[in-house]
Chemist: 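Would you mind keeping the following structure in view while I ask a few things?
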Amino acid sequence: TLGAALQLLGVASKAFASVLMECGNRKYGRSGTSPMTQALVQAASGAAAAIALSLALDCSQLTPRLLDPHGLSAYGSCYTFLHDGSTPRAWFSVLYLGLMCSCVVYVLQFFLLRRAGAVRQTLVDYLTPVVGVAAGASFRGEWHTMTTGEALCCCGGAALIFGGVAALHRLPARPSAD
(Lines give C-alpha, C1' and ligand atoms only; values in the text may rest on other atoms or scores of the structure.)
Protein backbone atom coordinates (compact mmCIF):
# COMPACT_ATOMS: atom_id res chain seq x y z
CA THR A 1 0.00 0.00 0.00
CA LEU A 2 0.97 3.63 -0.24
CA GLY A 3 1.33 3.96 3.54
CA ALA A 4 3.88 1.14 3.70
CA ALA A 5 5.76 2.54 0.71
CA LEU A 6 5.92 5.99 2.32
CA GLN A 7 7.16 4.47 5.59
CA LEU A 8 9.91 2.61 3.73
CA LEU A 9 10.80 5.81 1.90
CA GLY A 10 11.03 7.63 5.24
CA VAL A 11 13.30 4.96 6.73
CA ALA A 12 15.50 4.95 3.63
CA SER A 13 15.68 8.74 3.71
CA LYS A 14 16.75 8.77 7.37
CA ALA A 15 19.34 6.06 6.77
CA PHE A 16 20.71 7.93 3.76
CA ALA A 17 20.90 11.19 5.72
CA SER A 18 22.71 9.50 8.62
CA VAL A 19 25.27 7.86 6.35
CA LEU A 20 25.73 11.08 4.37
CA MET A 21 26.35 13.06 7.56
CA GLU A 22 28.73 10.35 8.81
CA CYS A 23 30.72 10.61 5.57
CA GLY A 24 30.89 14.38 5.98
CA ASN A 25 32.00 14.04 9.59
CA ARG A 26 34.74 11.59 8.60
CA LYS A 27 35.90 13.80 5.75
CA TYR A 28 35.95 17.09 7.66
CA GLY A 29 36.38 15.85 11.24
CA ARG A 30 35.49 18.11 14.15
CA SER A 31 36.37 21.20 12.13
CA GLY A 32 33.34 20.57 9.89
CA THR A 33 29.80 21.80 10.32
CA SER A 34 28.40 21.76 13.85
CA PRO A 35 25.56 19.37 14.74
CA MET A 36 23.27 22.38 15.31
CA THR A 37 23.88 23.67 11.78
CA GLN A 38 23.44 20.19 10.28
CA ALA A 39 20.11 19.80 12.07
CA LEU A 40 18.96 23.30 11.14
CA VAL A 41 19.67 22.85 7.43
CA GLN A 42 17.85 19.51 7.22
CA ALA A 43 14.91 20.60 9.36
CA ALA A 44 14.47 23.90 7.48
CA SER A 45 14.56 22.22 4.08
CA GLY A 46 12.07 19.57 5.25
CA ALA A 47 9.76 22.22 6.71
CA ALA A 48 9.89 24.25 3.48
CA ALA A 49 8.94 21.19 1.42
CA ALA A 50 6.11 20.26 3.85
CA ILE A 51 4.67 23.79 3.84
CA ALA A 52 4.85 24.02 0.04
CA LEU A 53 3.07 20.66 -0.36
CA SER A 54 0.51 21.64 2.26
CA LEU A 55 -0.29 24.90 0.52
CA ALA A 56 -0.37 23.26 -2.90
CA LEU A 57 -2.55 20.30 -1.93
CA ASP A 58 -4.51 20.89 1.26
CA CYS A 59 -5.30 24.57 0.79
CA SER A 60 -6.37 24.04 -2.82
CA GLN A 61 -8.44 21.02 -1.70
CA LEU A 62 -6.79 19.04 -4.50
CA THR A 63 -5.20 16.40 -2.30
CA PRO A 64 -5.35 13.08 -4.15
CA ARG A 65 -7.71 10.51 -2.62
CA LEU A 66 -4.74 8.17 -2.26
CA LEU A 67 -3.07 10.59 0.20
CA ASP A 68 -6.31 11.63 1.93
CA PRO A 69 -8.59 8.57 1.93
CA HIS A 70 -11.03 10.10 4.44
CA GLY A 71 -11.33 13.40 2.54
CA LEU A 72 -10.22 15.54 5.49
CA SER A 73 -8.72 18.27 3.29
CA ALA A 74 -12.14 18.97 1.76
CA TYR A 75 -13.58 20.22 5.08
CA GLY A 76 -13.23 23.92 5.88
CA SER A 77 -10.76 26.35 4.46
CA CYS A 78 -7.00 26.35 4.52
CA TYR A 79 -5.54 25.77 8.01
CA THR A 80 -8.89 25.94 9.82
CA PHE A 81 -7.30 24.24 12.81
CA LEU A 82 -5.50 27.52 13.56
CA HIS A 83 -8.70 29.44 14.24
CA ASP A 84 -11.44 26.93 15.01
CA GLY A 85 -11.49 27.49 18.77
CA SER A 86 -8.56 25.26 19.71
CA THR A 87 -7.90 25.09 23.45
CA PRO A 88 -4.70 26.28 25.11
CA ARG A 89 -3.99 22.64 25.98
CA ALA A 90 -4.12 21.73 22.28
CA TRP A 91 -1.72 24.55 21.42
CA PHE A 92 0.61 23.51 24.25
CA SER A 93 0.54 19.95 22.89
CA VAL A 94 1.49 21.14 19.41
CA LEU A 95 4.30 23.32 20.79
CA TYR A 96 5.58 20.47 22.95
CA LEU A 97 5.58 18.07 20.01
CA GLY A 98 7.32 20.61 17.80
CA LEU A 99 9.98 21.69 20.26
CA MET A 100 10.70 18.74 22.51
CA CYS A 101 9.78 15.75 20.35
CA SER A 102 11.15 17.14 17.11
CA CYS A 103 13.56 20.04 17.52
CA VAL A 104 15.50 18.96 20.60
CA VAL A 105 15.59 15.31 19.57
CA TYR A 106 16.75 16.23 16.07
CA VAL A 107 19.67 18.28 17.40
CA LEU A 108 20.57 15.45 19.80
CA GLN A 109 20.52 13.04 16.85
CA PHE A 110 23.20 15.03 15.04
CA PHE A 111 25.21 15.39 18.23
CA LEU A 112 25.13 11.59 18.60
CA LEU A 113 25.96 11.13 14.93
CA ARG A 114 29.10 13.18 15.32
CA ARG A 115 30.14 11.54 18.61
CA ALA A 116 29.10 7.91 18.10
CA GLY A 117 28.87 7.34 14.34
CA ALA A 118 25.97 6.46 12.07
CA VAL A 119 25.38 2.86 13.20
CA ARG A 120 25.39 3.55 16.93
CA GLN A 121 23.33 6.72 16.50
CA THR A 122 20.55 4.86 14.70
CA LEU A 123 20.25 2.46 17.66
CA VAL A 124 18.26 5.22 19.35
CA ASP A 125 15.57 4.75 16.67
CA TYR A 126 15.00 1.17 17.78
CA LEU A 127 13.98 2.40 21.22
CA THR A 128 11.29 4.72 19.84
CA PRO A 129 8.55 2.05 19.54
CA VAL A 130 9.19 0.84 23.08
CA VAL A 131 8.88 4.35 24.49
CA GLY A 132 5.85 5.10 22.29
CA VAL A 133 3.95 1.96 23.29
CA ALA A 134 4.79 2.39 26.98
CA ALA A 135 3.80 6.07 26.99
CA GLY A 136 0.62 5.46 25.01
CA ALA A 137 -0.46 2.59 27.28
CA SER A 138 0.34 4.67 30.37
CA PHE A 139 -1.56 7.77 29.26
CA ARG A 140 -4.58 5.74 28.17
CA GLY A 141 -4.53 3.47 31.23
CA GLU A 142 -4.23 0.34 29.11
CA TRP A 143 -1.81 -1.53 31.37
CA HIS A 144 -4.67 -2.59 33.66
CA THR A 145 -6.85 -4.01 30.89
CA MET A 146 -4.08 -5.83 29.00
CA THR A 147 -4.37 -9.60 28.64
CA THR A 148 -1.46 -11.85 29.61
CA GLY A 149 -0.70 -12.52 25.95
CA GLU A 150 -0.62 -8.80 25.12
CA ALA A 151 1.64 -8.10 28.08
CA LEU A 152 3.99 -10.91 27.05
CA CYS A 153 4.13 -9.56 23.48
CA CYS A 154 4.94 -6.05 24.71
CA CYS A 155 7.58 -7.24 27.16
CA GLY A 156 9.03 -9.74 24.67
CA GLY A 157 9.30 -7.11 21.94
CA ALA A 158 10.92 -4.64 24.32
CA ALA A 159 13.35 -7.34 25.50
CA LEU A 160 14.32 -8.16 21.90
CA ILE A 161 14.91 -4.49 21.11
CA PHE A 162 16.93 -3.86 24.29
CA GLY A 163 18.91 -7.07 23.68
CA GLY A 164 19.77 -6.02 20.12
CA VAL A 165 20.84 -2.57 21.21
CA ALA A 166 22.95 -4.03 24.03
CA ALA A 167 24.58 -6.54 21.66
CA LEU A 168 25.54 -3.81 19.20
CA HIS A 169 26.95 -1.66 22.02
CA ARG A 170 29.30 -4.49 22.94
CA LEU A 171 30.96 -4.24 19.50
CA PRO A 172 34.21 -2.27 19.48
CA ALA A 173 33.77 1.40 18.63
CA ARG A 174 35.16 2.67 15.34
CA PRO A 175 38.36 4.72 15.53
CA SER A 176 37.83 8.47 15.76
CA ALA A 177 38.16 10.53 12.54
CA ASP A 178 40.41 13.05 14.30
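Just so you know, these numbers come straight off a predicted model, no measurement behind them.
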Chemist: For residues 43-50, which side-chain N or O atoms pair as donor and acceptor with protein atoms under 3.5 Å away, sequence neighbours left out?
Modeler:
unit_1: Ser45; atom_1: OG; unit_2: Val41; atom_2: O; d: 3.0
unit_1: Ser45; atom_1: OG; unit_2: Gln42; atom_2: O; d: 3.0

Chemist: Taking Ser138 for the side chain and Ala134 for the main chain, is one N or O donor matched with an acceptor at less than 3.5 Å?
Modeler: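 Looks like yes, one N/O pair under 3.5 Å.
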Chemist: Give every residue pair that meets the salt bridge (charged side-chain N to carboxylate O under 4.0 Å, His left out) criterion with at least one member in residues 142-151, sequence neighbours excluded.
Modeler: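 Those involving residues 142-151 are Arg140-Glu142.
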Chemist: Which heavy atom of Val133 sits nearest a heavy atom of Cys154, and at what distance?
Modeler: CG1-SG, 4.2 Å
Chemist: Mind checking who shares a hydrophobic cluster with Leu160, ILVMFWY linked at side-chain heavy-atom distances under 4.5 Å?
Modeler: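 Members other than Leu160 - counting any ILVMFWY side chain reachable under 4.5 Å - there are none.
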Chemist: Is Met146 isolated, or which residues cluster with it under the ILVMFWY side-chain rule of less than 4.5 Å, directly or via members?
Modeler: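 Members other than Met146 - counting any ILVMFWY side chain reachable under 4.5 Å - are Trp143.
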Chemist: For Leu127, enumerate each residue passing the side chain to side chain contact (heavy atoms under 4.5 Å, CB included) test, keeping only those at least two apart in sequence or located in another chain.
Modeler: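 If we apply the side chain to side chain contact (heavy atoms under 4.5 Å, CB included) test to Leu127, skipping adjacent residues, the hits are Ile161, Phe162, Val165.
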